[in-house]
Amino acid sequence: MAISTPQRILVTSALPYINGVKHLGNLAGSMLPADVYSRVMRLLGHDVLYICATDEHGTPAELAAADAGLTVSEYCDAMHIAQAEAGAAFKLTYDYFGRSSSESTQRLTQEFALALEANGFIEERISKQVYSVADGRYLPDRYVEGTCPNCAFEKARGDQCDSCGKLLDPIDLIDPYSAVSGSRDVEIRDTNHLYLKQSEMSGKLREWVESHRADWPTLTTSIAMKWLDEGLRDRSITRDLEWGIPVVDDDGNTRDGFDGKVFYVWFDAPIAYIGATQDWAAKTGGDWEPYWRTDKGADETRYVQFMGKDNVAFHTLSFPTTIKGSNQPWKLVDELKAFNWVTWYGGKFSTSQKRGVFMDQAIDIAPSDYWRWHLMANAPEGSDAAFTWEEFQASVNSDLANVLGNFVNRITSYCVKKFDGAIPAGGVKTDAEVWIEAELTERLPKLIAYYEAREFRKAMAETRAIWAAGNEYLTQAAPWTHYKTDVDQAAMGVRTGLNLVALFGIIAQPIIPDAAAKILEAMSIPEGNRTWNFGDAADLLDALPHGHIVSAPPVLFSKIEDEDITTWTERFGGGE
RNA sequence: GGUGGGGUAGCUCAGCUGGUUAGAGCGCAGGACUCAUAAUCCUGAGGUCGAGAGUUCAAGUCUCUCUCCCACUACCA
């Protein structure tokens with residue numbers, strides 16, 4: 001159970017988009033697993049930097065700001081704070097939660113574009129785009145609606161008809177109108193944009209993705225290879241918008257013909273990982289280069305990204321094109337963990353239909369530990385995972401309250417009652433102690449291995465199995481039976497049980513930090529003794545000094561009642 | 001339409017390069033225990049692995065056809 005060599009690890013989770021507090025699916029598929037992983041790696045002694053940021057550019061941000069009656073800048077300021085608060089409420093331990101609108105990201109984005117152009121990876125082209133005269137803006141395809149030429153559905157979007165499913169071009173729509181204002185005063189205009197020549201990078205990208213077949217999840221490589229197999233096309237990296245990063249020339253002036261244009265949000269968003277790291281360094285006095293510059297030590301850094309499956313193409317193809325095409329020593333991702341979706345009873349989360357729970361609402365109705373445990377134990381790793389209130393109730397009541405909470409309570413309160421809360425000495429090792437030692441010897445390394453492989457469901461199952469083994473141990477050791485005839489032998493069971501409580505708190509930290517802190521507090525474990533520096537199981541089971549005083553913590557997890565489920569189903573929706 | 005992922009016990013999901021009676025948790029039934037948040041521990045019942053065909057000594061696992069769900073399909077992010 002020796003600890004691995006300390007390593008510098010950079011962790012990023014996909015940037016949450018600015019237009020509102022995210023729902024549970026976003027949390028479960030990027031921020032939360034990145035947080036759990038970061039916490040585990042820190043506990044294992046690694047040097048971890050966990051970076052995230054709000055993704056603030058693009059059409060939806062402008063429209064949401066207009067709806068709120070704010071300038072885009074004011075709106076983003078407000079929503080950035082709201083998202084930071086939501087993250088804090090879920091105990092996400094970002095080392096820095098930045099913004100893609102920061103100066104550093106702006107500067108980096110412009111520098112990347114200039115380098116790419118100098119290296120021949122950027123080309124200016126003219127395309128046709130729908131312009132809404134009434135709105136005074138160009139409209140992305142899906143913001144144009146009209147009658148579907150295929151099935152005559154009257155509210156078909158410019159990219160796809162929701163009625164017949166056919167892919168469309170906004171130019172094909174009959175009677176097109178702006179989805180923003182409803183105005184029919186729309187026209188097709190020529191507009192010039194910069195294109196990132198991903199096609200020229202496809203050979204290198206394919207080679208790179210192939211080299212990660214063994215260590216990336218199937219989901220990640222299969223999505224990347226799908227795009228490569230279809231033939232990677234060049235992607236436009238600018239948009240006709242006001243809000244965003246201006247396109248400049250070598251002198252820093254607006255590029256000719258790019259007034260009223262900014263970089264496409266997906267071009268600058270991943271660059272914000274770097275920008276936010278620089279902002280972290282500026283704020284803390286840290287050094288960002290060992291994380292990002294391969295000529296400054298980043299070769300020895302392990303870079304791990306977490307994201308939902310919709311982000312994979314951008315992180316395996318576009319952003320790597322930006323990095324590689326710059327011909328500068330930037331760090332590429334080493335390990336990319338992609339998640340499927342959390343669904344709401346098998347369907348989509350929907351704000352308008354009152355289906356689903358958002359982060360701020362979730363915290364209102366249950367402690368963050370409950371959500372963290374449930375979402376990780378049911379992480380959408382192999383396929384989409386359905387969230388249901390019934391499953392949520394079952395995980396919390398069974399895993400947290402009954403298996404862990406009750407274990408802590410039964411042995412600590414017994415110790416307080418019979419041994420005045422002091423870790424008792426005495427007793428001899430029996431089959432029960434041999435059994436639990438063997439369990440830990442087998443399971444703790446497996447637990448760490450699952451975390452290192454970023455197999456979260458399995459890590460949670462292993463955690464639970466370890467907690468459950470504690471209950472089984474107590475049944476075997478039965479100190480309450482021994483107490484009647486042999487107090488020393490009862491002491492053995494109580495002492496071992498209390499050491500298990502401490503261990504269970506230590507392994508619970510990355511998942512349910514609040515409850516873990518309460519447990520470790522009750523056991524009077526100093527902060528410095530809470531790391532995952534596990535020795536022999538026999539030592540772990542007799543680690544607490546004899547005579548050391550512990551207390552019985554208050555109820556760690558109160559149960560979710562059926563009435564709660566009824567109330568929440570009415571408020572947030574549920575099964576049909 | 002194309003491509004990718006998925007369809008395994010009532011529910012949520014594991015099952016690596018094909019190999020003994022297909023696993024876990026929840027739920028359910030029976031038993032044990034009484035230290036504990038009516039908690040815990042043990043035992044058990046439950047599956048023709050979406051359908052059909054094929055390859056093989058052997059298929060949940062490989063091939064083909066079909067079917068259902070989800071995602072992506074490049075100007076939503």
Side-chain angles (χ1 to χ4, degrees), chain A residues 14-19 55 57-61 63 127 129-130 138-144 157-160 165-167 170 191 193 198 218-219 221-227 229-230 232-236 238-241 264-266 269 308-314 317-318 340-341 343 346-348 377-388 390-391 393-395 397-399 401-403 405-415 417-418 455 457-458 460-461 464-465 468 470-476 478-481 483 490 493-494 497 552 554-559:
Chain A
L15 307 188
Y17 195 66
I18 194 70
N19 67 340
D55 177 14
H57 298 137
T59 306
L63 297 178
S127 64
Q129 199 64 32
V130 176
Y138 281 90
L139 298 173
D141 291 357
R142 68 167 44 199
Y143 286 94
V144 185
R157 290 199 319 270
D159 57 343
Q160 184 165 25
K166 191 176 169 61
L167 293 181
T191 176
H193 282 294
Q198 300 185 132
T218 311
L219 184 66
T221 49
S222 62
I223 290 173
M225 290 311 291
K226 178 200 97 176
W227 285 64
D229 288 344
E230 285 177 359
L232 206 52
R233 278 182 263 155
D234 300 336
R235 189 187 272 272
S236 78
T238 53
R239 292 288 185 276
D240 293 285
L241 288 173
Y264 172 40
V265 56
W266 260 116
K309 59 185 171 184
D310 56 329
N311 276 233
V312 170
F314 296 101
L317 306 169
S318 320
N340 289 282
W341 303 123
T343 64
K348 284 186 182 174
N378 297 283
E381 289 179 312
S383 62
D384 291 352
F387 175 90
T388 68
E390 293 74 14
E391 290 285 328
Q393 179 187 31
S395 333
N397 291 359
S398 169
D399 301 344
N402 294 349
V403 174
N406 179 58
F407 176 78
V408 171
N409 181 248
R410 67 193 293 206
I411 193 64
T412 52
S413 58
Y414 189 74
C415 176
K417 212 177 299 172
K418 303 288 189 184
E455 297 263 17
R457 274 178 183 262
K458 289 178 182 171
M460 296 310 118
R464 199 202 113 94
N471 282 310
E472 189 176 343
Y473 165 75
L474 282 188
T475 301
Q476 289 184 32
W480 46 87
T481 304
Y483 192 84
V494 171
V555 169
L556 291 167
F557 309 100
S558 53
K559 291 191 185 175

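Per chain, numbering begins at 1; letters A, B, ... match sequence-line order.
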To the side chain of A/D159, which of B/rC76, B/rC11, B/rA36 is closest?
-> B/rC76
Whole-Å distance separating the CD atom of A/Q476 from the P atom of B/rC35 | 19 Å
Considering just the side-chain nitrogens and oxygens of A/R142, establish if one lies under 4.0 Å of OP1 or OP2 belonging to B/rA77.
-> no
Among B/rC70, B/rU12, B/rC35, the one nearest any side-chain atom of A/R410 is B/rC35
Rounded to the Å, how far apart are A/D399 CG and B/rA24 P?
-> 16 Å
To the nearest angstrom, the CD1-P distance between A/I223 and B/rG2 comes to 19 Å
Check every strand shown and say whether A/A385 touches a base, only sugar-phosphate, or nothing at a heavy-atom separation below 4.0 Å.
-> sugar-phosphate
base_contact_polar (B/rU12 base, A/E390 side chain, donor-acceptor, <3.5 Å) | no
Minimum-distance pair of heavy atoms, taken over all atoms of A/W227 and A/A313 | CE2-CB, 3.6 Å
Contact class for A/E472 vs. all strands (heavy atom < 4.0 Å): base, sugar-phosphate, or nothing?
-> sugar-phosphate
Can you check whether A/S398 has a side-chain N or O nearer than 4.0 Å to OP1 or OP2 of B/rC26?
-> yes
A/N402 side chain N/O closer than 4.0 Å to the phosphate oxygens (OP1, OP2) of B/rU40?
-> yes
With a 3.5 Å cut-off and no angle check, do the side chains of A/D384 and A/T343 form a donor-acceptor pair?
-> no
Quick one: which of B/rG15, B/rG6, B/rC76 gets closest to the side chain of A/K458?
-> B/rG15
Of all the choices, B/rA36, B/rC75, B/rA77, which nucleotide is nearest to the side chain of A/H193 once you look at every atom?
-> B/rC75
In the strands shown, is B/rC75 matched to any nucleotide by a Watson-Crick or G-U wobble pair with both distances under 3.5 Å, and which?
-> none
Whole-Å C1' distance, B/rU67 and B/rG50 = 7 Å
Which nucleotide in the set B/rA71, B/rA36, B/rA74 lies at the smallest distance from any side-chain heavy atom of A/L232?
-> B/rA74
Taking the side chain of A/Q160 as heavy atoms from C-beta outward, which of B/rA39, B/rU73, B/rC35 is closest to it?
-> B/rU73
Is A/G58 touching bases, backbone alone, or none of the nucleic acid, heavy atoms closer than 4.0 Å?
-> sugar-phosphate
Is A/S413 touching bases, backbone alone, or none of the nucleic acid, heavy atoms closer than 4.0 Å?
-> sugar-phosphate
Using a heavy-atom cut-off of under 4.0 Å over every strand shown, decide if A/V555 touches base, sugar-phosphate, or nothing.
-> base
Under a 90° cut-off about 0 for the syn range, is B/rG5 syn or anti?
-> anti
Looking at every strand, decide which applies to A/A386 at a 4.0 Å heavy-atom threshold: base, sugar-phosphate, or nothing.
-> sugar-phosphate
At under 4.0 Å between heavy atoms, what does A/F407 touch on the DNA or RNA strands: base, sugar-phosphate, or nothing?
-> nothing
With a non-hydrogen cut-off below 4.0 angstrom, is A/L556 in contact with a base, only sugar-phosphate, or nothing?
-> base
B/rG47 to B/rG10 separation - C1' atoms, rounded to the nearest Å = 11 Å
Classify the nucleic acid contact of A/W341 as base, sugar-phosphate or nothing, counting any heavy atom under 4.0 Å across all strands shown.
-> sugar-phosphate
Could you tell me whether A/Y264 contacts a base, only the sugar-phosphate backbone, or nothing, with contacts defined as non-hydrogen atoms closer than 4.0 Å?
-> base
Along RNA chain B (nearest heavy atom to each residue), the more 5'-positioned of A/P170 and A/E381 = A/E381
Pairing partner of B/rU17 (Watson-Crick or G-U wobble, both distances under 3.5 Å) | none
Residue pair A/T191 / A/Q129: nearest heavy atoms and the distance that separates them | CG2-CB, 3.8 Å
Can you tell me how far CG of A/N409 sits from CG of A/N402, rounded to the nearest 0.5 angstrom?
-> 11.5 Å
Rounded to the nearest angstrom, tell me the gap between atom CG in A/N409 and atom P in B/rC35.
-> 13 Å
Hey, does the side-chain of A/N406 have a donor or acceptor N/O within less than 3.5 Å of a partner on the base of B/rA36?
-> yes
Expressed in whole Å, how much space separates the P atoms belonging to B/rG60 and B/rA74?
-> 40 Å
Using a heavy-atom cut-off of under 4.0 Å over every strand shown, decide if A/T59 touches base, sugar-phosphate, or nothing.
-> sugar-phosphate
Rounding to the closest angstrom, what is the interatomic distance between B/rA38 and B/rU43 at atom P?
-> 24 Å
From the candidates B/rA77, B/rC11, B/rA14, the one with an atom nearest any side-chain atom of A/Y17 is B/rA77
Report yes if a donor N or O on one partner sits less than 3.5 Å from an acceptor N or O on the other, where the partners are the side chain of A/R233 and the base of B/rA74; otherwise report no.
-> yes
Given that A/Y414 and A/L219 both sit by RNA chain B, which one's nearest nucleotide is further toward the 5' end?
-> A/L219
Donor-acceptor pair under 3.5 Å, A/K226 side chain vs B/rC72 base | yes
Spacing of CH2 belonging to A/W480 relative to CD1 belonging to A/I411, to within rounding of 0.5 Å = 7.0 Å
Rounded to whole Å, NZ of A/K559 lies from P of B/rA38 at a distance of 6 Å
A/E381 and A/R457: which non-hydrogen atoms are nearest, and at how many Å?
-> OE1-N, 3.1 Å
Base, sugar-phosphate, or nothing for A/K418, non-hydrogen atoms under 4.0 angstrom?
-> nothing
Where A/L556 and A/G405 come nearest, the two heavy atoms and their spacing = CD1-CA, 4.2 Å
Please state how far atom CD in A/E455 lies from atom P in B/rA14, giving the value in whole angstrom units.
-> 10 Å
Where the side chain of A/Q198 is defined as all heavy atoms beyond and including C-beta, which of B/rC75, B/rC41, B/rA74 is the nearest nucleotide?
-> B/rA74
A/D384, nearest nucleotide to its side chain (from B/rA39, B/rC76, B/rC70) = B/rC70
Could you give the CG-to-P distance, from A/N471 to B/rC33, as a whole number of Å?
-> 18 Å
Could you tell me which non-hydrogen atom of A/S236 sits nearest to which non-hydrogen atom of A/Y264, and how far apart they are?
-> O-CD2, 3.6 Å
Scan side-chain atoms only and decide if A/K559 and A/N397 contain a donor-acceptor pair under the 3.5 Å cut-off.
-> no
Nucleotide paired to B/rG46 in any strand shown, Watson-Crick or G-U, under 3.5 Å = none
For B/rC62, what is the paired nucleotide under Watson-Crick or G-U wobble rules, both distances under 3.5 Å?
-> B/rG54
Kindly give the heavy-atom pair with the smallest separation between A/P170 and A/D141, and that separation in Å.
-> CG-OD1, 3.3 Å
Determine the Euclidean distance between corresponding C1' atoms of B/rU8 and B/rC49; express it in Å to zero decimal places.
-> 4 Å
What interatomic distance, in whole Å, is found between P of B/rC16 and the corresponding atom of B/rU55?
-> 24 Å
Touch check for A/A468, heavy atoms < 4.0 angstrom, all strands: base, sugar-phosphate only, or nothing?
-> sugar-phosphate
Can you check the A/L241 CG to B/rA77 C1' distance for me, whole Å?
-> 13 Å
Across all strands, who's sitting opposite B/rG25 as a Watson-Crick or G-U wobble pair, both distances under 3.5 Å?
-> B/rC11
Indicate, with a heavy-atom threshold strictly under 4.0 Å, whether A/D310 touches base, sugar-phosphate, or nothing.
-> base
